Amino acid sequence: MRQRQDEVACEVAIIGAGLAGLMAARTLVAEGKDVLVLEAQNRVGGRTLNHALGEGKDLELGGQWLGPTQEKMYSLCKELGLETYPTYTRGEQIVSLNGRTFRLKAGENALSALPSEVALEVSQVLEQLEAMSQSLDLEAPQCHAQALEWDNETFEGWLEAHTQHTETRDYLQLELKGLFAAEASDVSLLHVLFTLKSGGGFYNLINVTNGAQQDRIVGGSQRIAEAMAEALGERVILSTPVQRLEQTETHVHIIADNLTVTAEQVIVTLPPNLANRLDYKPALP
């Protein structure tokens, strides 16, 4: 990683040094492209972050797990020389739901503690969601005939219309918080359906053993981004918040703090809430 300069040029500029930005850079460099990655923070990793606890131990403050269906990430870890280890699952879990607190044994699902009529409705709702998700094309979910309708409806709104029991909604919204770190009112139905299909189904997404939380990375998940950035070297420029993108017929000028980059193409890998803060000239459609 290098220090900033006043003006630089490249074939492709990538905004954001999270996993998506670094993988895009890694792929393009392998194709012989001249690439620069601009990162606002003084670190790489985006929504993966390790916090050192001392004595060689790290606490992960962002994404941290790998599991079945994530074969590309397992392959990447192997390429980067990173090892994984099983998530700790022994002991009881404590679940707080709708004012009730109960304990679960290792491997036991919270559904078993719900009233039978609620557990039945949860199963029926999940079966309906799974069936809807299977109709999506993961490469182009926006092309589904109901994509706009589903994207305009929150998951909370859909649950209200398709469930009878408050406990059903409470349970599914609790699980959704764990999956998305968001409220059901902040996530569209389309996004939930896309995640269900891409993640191998609801139970695969919430389970540990044979599920999405099965494995962790030795040294913490941020090591994936750090290892990719180390290989990219001076192509990654930190502490460079991008303010504006000015597109001409042949180039894009990226204006950042104390730096202007002229590139033939740009890839913006920021989360939507951050990407929307950039000033685009002309405005995006």
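Predicted, not measured: the structure shown is a model, and the values here were computed from it.
Across all non-hydrogen atoms, the minimal contact from L172 to L126 is CD2-CD2, 3.8 Å. Across all their heavy atoms, I224 and M73 have their closest contact at CD1-SD, 3.8 Å. Closest approach of D34 and A9 over heavy atoms only: OD2-O, 3.8 Å. Closest of all the heavy-atom pairs between A275 and L270 is N-CB, 3.8 Å. The two residues T240 and L238 come nearest to each other via the heavy atoms OG1-O, 2.8 Å. Here the closest heavy-atom approach between residue A25 and residue L232 is recorded as CB-CD1, 3.8 Å.
Within a 6.0 Å sphere centred on CD of E83, heavy atoms belonging to other residues, nucleotides or ligands number 12 at most. Atom CD of Q265 has 12 or fewer neighbouring heavy atoms from other residues, nucleotides or ligands inside a 6.0 Å radius. Atom CD of E71 has more than 12 neighbouring heavy atoms from other residues, nucleotides or ligands inside a 6.0 Å radius. Around atom CZ of R43, more than 12 heavy atoms belonging to other residues, nucleotides or ligands sit under 6.0 Å away.
Chaining together hydrophobic side chains whose heavy atoms lie under 4.5 Å apart places L53 alongside L49, L59, L61. Hydrophobic clustering, defined by side-chain heavy atoms of Ile, Leu, Val, Met, Phe, Trp and Tyr closer than 4.5 Å, leaves I94 isolated from every other such residue.
In this structure, T84 contributes its side chain and I217 its backbone to no donor-acceptor pair below 3.5 Å. E7 contributes no side-chain N or O that, together with a main-chain N or O of T260, makes up a donor-acceptor pair within less than 3.5 Å.
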Discussion item. Quick one, V44 with V37, criterion side-chain contact (heavy atoms from CB on, under 4.5 Å). Give me CA distance, side-chain angles, the key distance, then yes/no.
Written reply: CA-CA 10 Å; V44 298; V37 182; over 6 Å; no

Item to complete: Dump the intermediate steps for side-chain hydrogen bond (donor to acceptor under 3.5 Å, both in side chains) on Y171 and E175, then the final yes or no.
Response: CA-CA 6 Å; Y171 170 75; E175 294 288 11; 3.0 Å; yes

Worksheet item: After noting the C-alpha distance and the side-chain angles of L190 and L136, does the key distance pass the side-chain contact (heavy atoms from CB on, under 4.5 Å) rule?
Response: CA-CA 9 Å; L190 179 63; L136 286 175; 3.9 Å; yes

Practice prompt. For side-chain contact (heavy atoms from CB on, under 4.5 Å), just list the numbers for E183 and K177, CA-CA rounded to whole Å, side-chain angles, deciding distance to a tenth of an Å, and then say yes or no.
Written response: CA-CA 6 Å; E183 301 291 339; K177 287 180 183 179; 3.1 Å; yes

Discussion item. Does K72 form a side-chain contact (heavy atoms from CB on, under 4.5 Å) with M23? I'd like the steps, not just the answer.
Written reply: CA-CA 11 Å; K72 290 183 179 179; M23 177 53 77; over 6 Å; no

Worksheet item: Yes or no on side-chain hydrogen bond (donor to acceptor under 3.5 Å, both in side chains) for D151 and S188, after CA distance, side-chain angles and deciding distance?
Response: CA-CA 5 Å; D151 204 36; S188 79; 2.9 Å; yes

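Here side-chain hydrogen bond (donor to acceptor under 3.5 Å, both in side chains) pairs that include residues 204-224, with residues two or more places apart or in two chains, are E60-R216, Q64-R216, Y74-D215, R223-E226, R223-E230. Screening residues 119-144 for side-chain hydrogen bond (donor to acceptor under 3.5 Å, both in side chains), with sequence neighbours left out, gives E121-T168, S135-H144. Listed by first and then second residue, the side-chain hydrogen bond (donor to acceptor under 3.5 Å, both in side chains) pairs involving residues 192-203 amount to none (not counting sequence neighbours).
Partner of I254 under the side-chain contact (heavy atoms from CB on, under 4.5 Å) criterion, chosen from T262, V268, V242, L36: V242.
In terms of hydrophobic clustering, with Ile, Leu, Val, Met, Phe, Trp and Tyr side chains grouped at heavy-atom distances under 4.5 Å, Y85 and L76 are assigned to different clusters. Hydrophobic clustering places L196 together with L174 (ILVMFWY residues linked when any side-chain heavy atoms are closer than 4.5 Å, directly or through intermediates). Connection of V192 to L179 is established within a shared hydrophobic cluster, with ILVMFWY side chains joined at heavy-atom distances below 4.5 Å, either directly or through further cluster members.
Judged as a side-chain hydrogen bond (donor to acceptor under 3.5 Å, both in side chains), and not counting sequence neighbours, the contacts of Q243 are D257.
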